[in-house]
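Input: a single structure, listed below in C-alpha coordinates.
Each residue takes its place number in the sequence, starting with 1. Both counts, for ligands and for their atoms, begin at 1 and track the order of listing. These figures come from a predicted structure and were not determined experimentally.
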Amino acid sequence: MIKGIIFDLDGVILSTDDFHYKAWKALADRLGVPFDREKNNRLRGVSRMASLEIVLEGYDFSEEDKKRFAEEKNEAYRESLKGLTPKDVTEEVRNTLEALHQKGFKIAIGSSSKNTKLILTQVGLLNAFDAIADGTDITHSKPNPEVFLVASKRICLDPSECIVVEDAFAGIDAAIAGGFLPVAIGDARNHKGAAHRIDSLGQLLSLPEIR
Ligand code: B16
Ligand code: MG
(Lines give C-alpha, C1' and ligand atoms only; values in the text may rest on other atoms or scores of the structure.)
(Ligands and ions follow the chains in the order given, each with its own letter.)
Protein backbone atom coordinates (compact mmCIF):
# COMPACT_ATOMS: atom_id res chain seq x y z
CA MET A 1 0.00 0.00 0.00
CA ILE A 2 1.34 3.41 -0.96
CA LYS A 3 1.82 5.71 2.05
CA GLY A 4 4.34 8.25 0.75
CA ILE A 5 5.33 10.25 -2.32
CA ILE A 6 8.92 11.25 -3.05
CA PHE A 7 9.26 14.13 -5.50
CA ASP A 8 12.21 15.00 -7.64
CA LEU A 9 12.76 18.79 -7.57
CA ASP A 10 14.11 20.18 -10.87
CA GLY A 11 11.51 19.58 -13.57
CA VAL A 12 8.86 18.18 -11.19
CA ILE A 13 8.13 20.70 -8.42
CA LEU A 14 9.77 23.62 -10.26
CA SER A 15 10.94 24.53 -13.77
CA THR A 16 14.52 25.00 -12.58
CA ASP A 17 15.47 22.35 -15.19
CA ASP A 18 15.38 25.21 -17.72
CA PHE A 19 17.85 27.24 -15.62
CA HIS A 20 20.19 24.21 -15.63
CA TYR A 21 19.87 24.04 -19.43
CA LYS A 22 20.65 27.73 -19.92
CA ALA A 23 23.68 27.62 -17.58
CA TRP A 24 25.12 24.54 -19.34
CA LYS A 25 24.39 26.09 -22.75
CA ALA A 26 26.27 29.30 -21.83
CA LEU A 27 29.30 27.26 -20.76
CA ALA A 28 29.18 25.00 -23.83
CA ASP A 29 28.88 28.01 -26.18
CA ARG A 30 31.85 29.67 -24.51
CA LEU A 31 33.93 26.51 -25.00
CA GLY A 32 32.67 25.95 -28.56
CA VAL A 33 31.14 22.59 -27.62
CA PRO A 34 27.82 21.69 -29.31
CA PHE A 35 24.93 21.43 -26.83
CA ASP A 36 21.18 21.30 -27.38
CA ARG A 37 17.94 20.42 -25.56
CA GLU A 38 18.22 16.77 -26.57
CA LYS A 39 21.64 16.44 -24.97
CA ASN A 40 20.33 18.38 -21.99
CA ASN A 41 17.74 15.64 -21.37
CA ARG A 42 20.62 13.28 -20.56
CA LEU A 43 21.69 15.61 -17.72
CA ARG A 44 18.36 15.40 -15.90
CA GLY A 45 18.81 13.94 -12.42
CA VAL A 46 22.55 13.44 -12.96
CA SER A 47 25.12 15.06 -10.61
CA ARG A 48 26.95 18.25 -11.60
CA MET A 49 30.28 16.55 -12.40
CA ALA A 50 28.63 13.65 -14.25
CA SER A 51 26.61 16.23 -16.22
CA LEU A 52 29.83 18.05 -17.15
CA GLU A 53 31.32 14.78 -18.47
CA ILE A 54 28.29 14.43 -20.78
CA VAL A 55 28.53 18.07 -21.92
CA LEU A 56 32.24 17.63 -22.76
CA GLU A 57 31.91 14.20 -24.43
CA GLY A 58 34.50 13.89 -27.21
CA TYR A 59 36.53 16.85 -25.88
CA ASP A 60 39.64 16.64 -23.76
CA PHE A 61 40.14 18.98 -20.79
CA SER A 62 42.30 18.70 -17.67
CA GLU A 63 40.73 17.81 -14.31
CA GLU A 64 41.58 21.33 -13.11
CA ASP A 65 39.74 22.89 -16.07
CA LYS A 66 36.73 20.64 -15.45
CA LYS A 67 36.55 21.73 -11.82
CA ARG A 68 36.54 25.37 -12.92
CA PHE A 69 33.89 24.71 -15.59
CA ALA A 70 31.60 23.04 -13.03
CA GLU A 71 32.01 26.06 -10.73
CA GLU A 72 31.33 28.46 -13.61
CA LYS A 73 28.14 26.61 -14.50
CA ASN A 74 27.01 26.50 -10.88
CA GLU A 75 27.61 30.24 -10.44
CA ALA A 76 25.52 31.01 -13.53
CA TYR A 77 22.82 28.62 -12.30
CA ARG A 78 22.76 30.16 -8.82
CA GLU A 79 22.56 33.63 -10.36
CA SER A 80 19.35 32.60 -12.12
CA LEU A 81 17.98 31.09 -8.90
CA LYS A 82 18.11 34.57 -7.30
CA GLY A 83 15.04 35.49 -9.36
CA LEU A 84 12.93 32.65 -7.90
CA THR A 85 9.99 33.63 -5.69
CA PRO A 86 6.98 31.78 -4.20
CA LYS A 87 5.10 32.79 -7.38
CA ASP A 88 7.20 30.25 -9.30
CA VAL A 89 5.34 27.43 -7.55
CA THR A 90 2.14 26.86 -9.51
CA GLU A 91 -1.24 26.68 -7.79
CA GLU A 92 -1.52 23.13 -9.08
CA VAL A 93 1.70 22.08 -7.34
CA ARG A 94 0.71 23.75 -4.05
CA ASN A 95 -2.79 22.27 -4.14
CA THR A 96 -1.49 18.79 -4.97
CA LEU A 97 1.01 18.79 -2.08
CA GLU A 98 -1.69 20.00 0.29
CA ALA A 99 -4.25 17.45 -0.93
CA LEU A 100 -1.73 14.60 -0.48
CA HIS A 101 -1.05 15.71 3.10
CA GLN A 102 -4.78 15.94 3.79
CA LYS A 103 -5.22 12.38 2.53
CA GLY A 104 -2.57 11.30 5.06
CA PHE A 105 0.36 10.68 2.68
CA LYS A 106 3.90 11.57 3.75
CA ILE A 107 5.69 13.72 1.17
CA ALA A 108 9.43 14.12 0.61
CA ILE A 109 11.97 15.56 -1.81
CA GLY A 110 14.58 13.31 -3.46
CA SER A 111 16.84 15.54 -5.55
CA SER A 112 20.41 15.17 -6.82
CA SER A 113 20.90 18.92 -6.48
CA LYS A 114 23.18 20.45 -3.87
CA ASN A 115 21.14 23.65 -4.32
CA THR A 116 17.88 22.02 -3.15
CA LYS A 117 17.54 23.85 0.18
CA LEU A 118 18.44 27.21 -1.37
CA ILE A 119 15.74 26.69 -4.01
CA LEU A 120 13.08 25.52 -1.53
CA THR A 121 13.85 28.48 0.72
CA GLN A 122 13.53 30.96 -2.18
CA VAL A 123 10.10 29.63 -3.16
CA GLY A 124 8.85 29.22 0.42
CA LEU A 125 8.57 25.42 0.33
CA LEU A 126 11.34 24.54 2.80
CA ASN A 127 8.82 23.41 5.43
CA ALA A 128 6.24 21.96 3.03
CA PHE A 129 7.76 18.45 3.04
CA ASP A 130 8.06 15.83 5.77
CA ALA A 131 11.66 15.18 4.70
CA ILE A 132 14.28 16.39 2.24
CA ALA A 133 17.05 14.24 0.76
CA ASP A 134 19.39 15.96 -1.70
CA GLY A 135 22.81 16.03 -3.33
CA THR A 136 24.45 16.89 -0.01
CA ASP A 137 23.24 13.60 1.54
CA ILE A 138 24.57 11.16 -1.01
CA THR A 139 27.72 9.81 -2.64
CA HIS A 140 26.03 8.27 -5.70
CA SER A 141 23.58 10.29 -7.78
CA LYS A 142 20.71 8.92 -9.90
CA PRO A 143 20.45 6.34 -11.52
CA ASN A 144 21.72 5.04 -8.16
CA PRO A 145 18.69 4.90 -5.80
CA GLU A 146 20.60 6.34 -2.81
CA VAL A 147 18.77 9.68 -2.63
CA PHE A 148 15.35 7.99 -2.68
CA LEU A 149 16.45 5.44 -0.07
CA VAL A 150 17.56 8.29 2.21
CA ALA A 151 14.23 10.08 1.63
CA SER A 152 12.11 6.97 2.35
CA LYS A 153 14.10 6.28 5.50
CA ARG A 154 13.49 9.85 6.67
CA ILE A 155 9.73 9.42 6.30
CA CYS A 156 10.00 5.96 7.94
CA LEU A 157 8.57 4.06 4.96
CA ASP A 158 9.75 1.07 2.96
CA PRO A 159 10.49 1.78 -0.75
CA SER A 160 7.56 -0.51 -1.66
CA GLU A 161 5.28 1.96 0.18
CA CYS A 162 6.47 4.99 -1.84
CA ILE A 163 5.80 6.51 -5.23
CA VAL A 164 8.71 8.38 -6.86
CA VAL A 165 7.74 11.20 -9.25
CA GLU A 166 10.47 11.90 -11.82
CA ASP A 167 11.14 13.85 -15.03
CA ALA A 168 14.49 12.10 -15.66
CA PHE A 169 15.31 8.73 -17.24
CA ALA A 170 18.05 8.42 -14.59
CA GLY A 171 15.43 9.09 -11.91
CA ILE A 172 13.04 6.41 -13.18
CA ASP A 173 15.97 3.96 -13.33
CA ALA A 174 16.86 4.91 -9.74
CA ALA A 175 13.28 4.42 -8.57
CA ILE A 176 13.11 0.97 -10.17
CA ALA A 177 16.52 -0.02 -8.75
CA GLY A 178 15.38 0.99 -5.26
CA GLY A 179 12.04 -0.84 -5.40
CA PHE A 180 9.83 2.29 -5.58
CA LEU A 181 6.73 2.78 -7.78
CA PRO A 182 7.97 5.06 -10.60
CA VAL A 183 5.64 7.78 -11.90
CA ALA A 184 6.91 9.73 -14.93
CA ILE A 185 6.30 13.35 -15.88
CA GLY A 186 7.88 15.42 -18.69
CA ASP A 187 10.73 13.81 -20.60
CA ALA A 188 10.61 10.65 -18.41
CA ARG A 189 7.19 9.76 -19.91
CA ASN A 190 9.20 8.19 -22.75
CA HIS A 191 10.77 5.72 -20.30
CA LYS A 192 9.26 2.24 -20.76
CA GLY A 193 9.72 1.33 -17.08
CA ALA A 194 7.32 3.95 -15.68
CA ALA A 195 4.31 2.49 -13.84
CA HIS A 196 2.23 5.60 -14.61
CA ARG A 197 2.68 8.66 -16.83
CA ILE A 198 1.22 12.05 -15.92
CA ASP A 199 1.07 15.32 -17.88
CA SER A 200 0.96 17.55 -14.80
CA LEU A 201 1.35 17.06 -11.07
CA GLY A 202 -2.36 17.32 -10.26
CA GLN A 203 -2.99 14.05 -12.11
CA LEU A 204 -1.24 12.25 -9.24
CA LEU A 205 -4.47 12.61 -7.29
CA SER A 206 -6.29 10.43 -9.86
CA LEU A 207 -3.84 7.51 -9.70
CA PRO A 208 -5.38 4.28 -8.34
CA GLU A 209 -2.76 4.13 -5.55
CA ILE A 210 -3.75 7.63 -4.34
CA ARG A 211 -7.48 8.05 -4.98
P1 B16 B 1 23.35 20.89 -8.71
P2 B16 B 1 16.91 16.79 -9.62
C3 B16 B 1 19.31 17.46 -10.56
O4 B16 B 1 18.20 17.76 -9.80
C5 B16 B 1 19.17 18.08 -11.95
O6 B16 B 1 18.14 17.45 -12.69
C7 B16 B 1 20.46 17.90 -12.72
O8 B16 B 1 20.35 18.53 -13.97
C9 B16 B 1 21.60 18.54 -11.91
O10 B16 B 1 22.85 18.36 -12.57
C11 B16 B 1 21.66 17.87 -10.53
O12 B16 B 1 20.41 18.04 -9.88
C13 B16 B 1 22.74 18.49 -9.65
O14 B16 B 1 22.37 19.81 -9.39
O15 B16 B 1 24.39 21.25 -9.71
O16 B16 B 1 22.40 22.02 -8.36
O17 B16 B 1 23.91 20.24 -7.47
O18 B16 B 1 16.29 16.69 -10.98
O19 B16 B 1 17.46 15.48 -9.09
O20 B16 B 1 16.07 17.55 -8.63
MG1 MG C 1 14.51 16.38 -12.31
Ligand 1 contacted by G45 (non-hydrogen, < 4.0 Å):
yes
For atom 5 (C) of ligand 1, state which one of D167, V12, D10 supplies the nearest heavy atom.
D10
Looking from the Mg ion (ligand 2), what is the angle between OD1 on D167 and O on D10, to the nearest 10°?
90°
Determine, for [X] against [Y], whether the closest basic-nitrogen to carboxylate-oxygen distance falls under 4.0 angstrom.
{"X": "E57", "Y": "R42", "result": "yes"}
{"X": "D60", "Y": "K66", "result": "no"}
{"X": "D18", "Y": "R37", "result": "yes"}

For atom NZ of K73, decide whether the heavy atoms of other residues, nucleotides or ligands shown that lie under 6.0 angstrom number more than 12.
yes
Tell me, yes or no, whether the heavy-atom count around K114 atom NZ, taken from other residues, nucleotides or ligands under 6.0 Å, exceeds 12.
no
Show which atoms of ligand 1 fall inside a sub-4.0 Å distance from at least one heavy-atom site of [X].
{"X": "K142", "result": "2 (P), 19 (O)"}
{"X": "D8", "result": "2 (P), 18 (O), 19 (O), 20 (O)"}
{"X": "S51", "result": "10 (O)"}
{"X": "S111", "result": "2 (P), 4 (O), 19 (O), 20 (O)"}
{"X": "L43", "result": "7 (C), 8 (O)"}
{"X": "N115", "result": "1 (P), 16 (O)"}
{"X": "K114", "result": "1 (P), 16 (O), 17 (O)"}
{"X": "L9", "result": "20 (O)"}

Check the angle between the aromatic planes of F69 and F61 and answer parallel, tilted or perpendicular using the 30° and 60° thresholds.
perpendicular
Where does the angle between the aromatic ring planes of F180 and F148 fall among parallel (under 30°), tilted (30 to 60°) and perpendicular (over 60°)?
perpendicular
With carbon and hydrogen excluded and only N/O/S kept, which atom of D8 is nearest the Mg ion (ligand 2)?
OD2
Do L207 and I210 have side chains that get closer than 4.5 Å, going by heavy atoms?
yes
Among protein heavy atoms, which lies nearest atom 10 (O) of ligand 1, and at what distance?
V46 O, 2.7 Å
Atom 15 (O) of ligand 1: closest protein heavy atom, distance to 0.1 Å, is R48 NE, 2.7 Å
Take L43 and D17, measure what side-chain contact (heavy atoms from CB on, under 4.5 Å) needs, and give me the verdict at the end.
CA-CA 10 Å; L43 313 185; D17 50 333; over 6 Å; no
May I ask you to check if ligand 1 and S112 share an N or O to N or O distance below 3.5 Å?
yes
Going by distance only, is there an N or O of S113 that falls short of 3.5 Å from an N or O of ligand 1?
yes
Rounded to the nearest 0.5 Å, what separates atom CD in E146 from atom OG in S141?
9.5 Å
